[in-house]
Amino acid sequence: MEGVVVKTSGQLYRVLSNDGSLVECNLKGNFRLKSISTTNPIVVGDHVCFEKNAHDIAMITAIKPRINEMVRRASNLSKQAHIIAANIDLAVLVVTTNYPKTYSVFIDRFLVAAESFKIRAIIVINKIDLYHEDELSVVEQWQTLYQSIGYPCYAVSAESGEGISTLHHSLIGKISLFSGNSGVGKSSLLNRLSPDSAAKTNAISEYHNKGMHTTTFSEMFPLEGGGFVIDTPGIKGFGMTGMSFADVSHYFPEIFKIASDCRFYNCTHTHEPGCAVIEAVQDGRIDPSRYTSYLSILDEFEKGKYR
Ligand SMILES: Nc1nc2c(ncn2[C@@H]2O[C@H](COP(=O)(O)OP(=O)(O)OP(=O)(O)O)[C@@H](O)[C@H]2O)c(=O)[nH]1
Ligand SMILES: [Mg+2]
Ligand SMILES: [Zn+2]
């Protein structure tokens with residue numbers, strides 16, 4: 001039998017079988033050995049084969065090759081990769097200006113990662129019902145900046161419902177991964193987008209002493225109108241993996257475009273004479289916050305974090 005993994009929790013995998021039923025599966029012991037460089041061998045979105053053993057327990061026997069996967073470093077110190085999900089059409093980064101505060105460099109690191117895995121990305125700015133005037137002007141700045149680079153940017157409120165139907169439309173027919181800092185409202189948005197299936201997760205997800213529900217395992221839900229949405233646990237940072245120093249500028253589309261005008265073909269856009277990128281930052285064609293993010297990622301390479 002075949003199906004798609006819709007939830008992983010510890011050693012247990014919930015699979016949506018091709019016949020439409022949900023099956024709790026275990027994993028054959030030898031599976032774990034094959035991918036020691038990742039913390040998790042099977043992830044939400046994986047297409048798998050499974051069969052029942054003599055004790056009527058469903059066992060995953062094979063994973064189909066992945067079209068793509070969204071990966072981050074497991075932790076700052078770790079060389080291990082953590083695969084967030086596989087076979088996704090759209091990476092949705094949920095942010096808020098101040099509830100909690102989302103830093104531009106965090107947004108840019110996520111976008112760089114999505115570019116490196118060739119996954120389209122969009123930004124969803126949530127909780128606009130709470131925003132004061134100065135925060136709304138940050139929303140406008142983010143929308144102008146990121147849309148000009150090619151990342152659609154939606155301002156929404158899971159609380160009031162504002163902007164949700166526009167967002168919903170852009171997700172129909174796709175498998176979308178929701179990611180972002182803890183508390184930005186990923187699960188709340190999914191409750192709005194997929195009320196039938198998601199509502200029950202809030203009830204069973206951990207209830208924190210701060211009075212907050214927090215997602216501890218990734219889970220995929222059907223989206224009304226077609227497609228799937230994947231809820232993931234909140235992340236603090238986005239440690240990049242699987243790219244080289246020279247790749248970084250390729251994953252900033254607006255920097256990459258201008259870099260062909262640099263005097264040296266191997267320009268790092270940090271100090272070189274005749275650098276078209278530095279010139280574009282100075283005259284405002286490249287946003288300084290994006291350039292700062294670029295430098296901060298390069299800086300980590302220099303410090304050897306990725307070796
Ligand atoms: N005012 C307001 N509050 C919101 C909105 N969306 C979510 N919240 C609140 O923000 C808090 C966190 O929401 P969650 O949906 O649990 O956030 P999350 O991103 O899933 O968090 P993790 O699972 O920890 O990663 C909850 O108290 C929600 O009620 C919104 O649009 N407006
Ligand atoms: Mg959550
Ligand atoms: Zn340059």
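All ligand and atom numbering here is 1-based and tracks the order in the structure.
Heavy atoms from other residues, nucleotides or ligands lying under 6.0 Å from CD of E24 number more than 12. Dense packing is recorded around CZ of F245, with more than 12 heavy atoms of other residues, nucleotides or ligands lying under 6.0 Å away. In the displayed structure, K174 atom NZ is contacted under 6.0 Å by more than 12 heavy atoms of other residues, nucleotides or ligands. Annotation: I172, atom CD1; neighbour count of heavy atoms from other residues, nucleotides and ligands within 6.0 Å is above 12.
Listed by number with element, the atoms of ligand 1 under 4.0 Å from a non-hydrogen atom of A158 are 6 (N), 30 (C), 31 (O). Close approach to E159 involves these atoms of ligand 1, each under 4.0 Å from a residue heavy atom: 2 (C), 3 (N), 30 (C), 31 (O), 32 (N). Of all atoms in ligand 1, numbered sequentially from 1 with element shown, those under 4.0 Å from a heavy atom of T214 are 22 (P), 23 (O), 24 (O). Within the listing of ligand 1, atoms 1 (N) sit less than 4.0 angstrom from a heavy atom of L130. For ligand 1, the atoms closer than 4.0 angstrom to any heavy atom of G234 are 25 (O).
Looking at heavy atoms from C-beta onward, I123 lies out of side-chain contact with W142 at the 4.5 angstrom threshold.
The structure places CG of N126 at 7.0 Å from OG of S188, a figure rounded to the nearest 0.5 Å. To the nearest 0.5 Å, atom CZ of residue F221 and atom CD1 of residue I230 are 10.5 Å apart.
At least one N/O-N/O distance between G185 and ligand 1 falls below 3.5 Å. Some N or O of K186 is nearer than 3.5 Å to an N or O of ligand 1, by distance alone. The shortest N or O to N or O distance between I128 and ligand 1 is not below 3.5 Å.
With a 4.0 Å cut-off on non-hydrogen atoms, L189 does not touch ligand 1 at all.
A donor and an acceptor atom, one from each side chain of Y99 and N181, are nowhere located under 3.5 Å apart.
In this structure, K127 does not pair ionically with E135, as no charged nitrogen and carboxylate oxygen lie closer than 4.0 Å.
By the criterion of a separation under 2.8 Å, the protein N/O/S atoms near the Zn ion (ligand 3) amount to C262 SG, C267 SG, H269 ND1, C275 SG. At a cut-off of 2.8 Å, measuring from the Mg ion (ligand 2), the protein N, O or S atoms that fall short of it are S187 OG, T215 OG1, waters left aside.
Between F110 and F238, the ring planes lie perpendicular to each other; the angle is over 60°, past the 30° to 60° tilted range.
Between the choices S182, G161, S157, S188, the shortest heavy-atom distance to atom 7 (C) of ligand 1 belongs to S188.
Hydrophobic clustering (side-chain heavy atoms under 4.5 Å, transitive across Ile, Leu, Val, Met, Phe, Trp, Tyr) groups I125 together with I149. Following chains of ILVMFWY side-chain contacts shorter than 4.5 Å, one cannot reach M59 starting from L12, and the two form parts of different hydrophobic clusters.
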What side-chain donor-acceptor pairs closer than 3.5 Å can you find for residues 163-171, not counting sequence neighbours?
from: H168; atom 1: NE2; to: E224; atom 2: O; distance (Å): 2.6
from: S170; atom 1: OG; to: L167; atom 2: O; distance (Å): 2.7

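Remark: F252 engages Y294 in a ring pair (Phe, Tyr, Trp, His ring centres under 6.0 Å) (not counting sequence neighbours).
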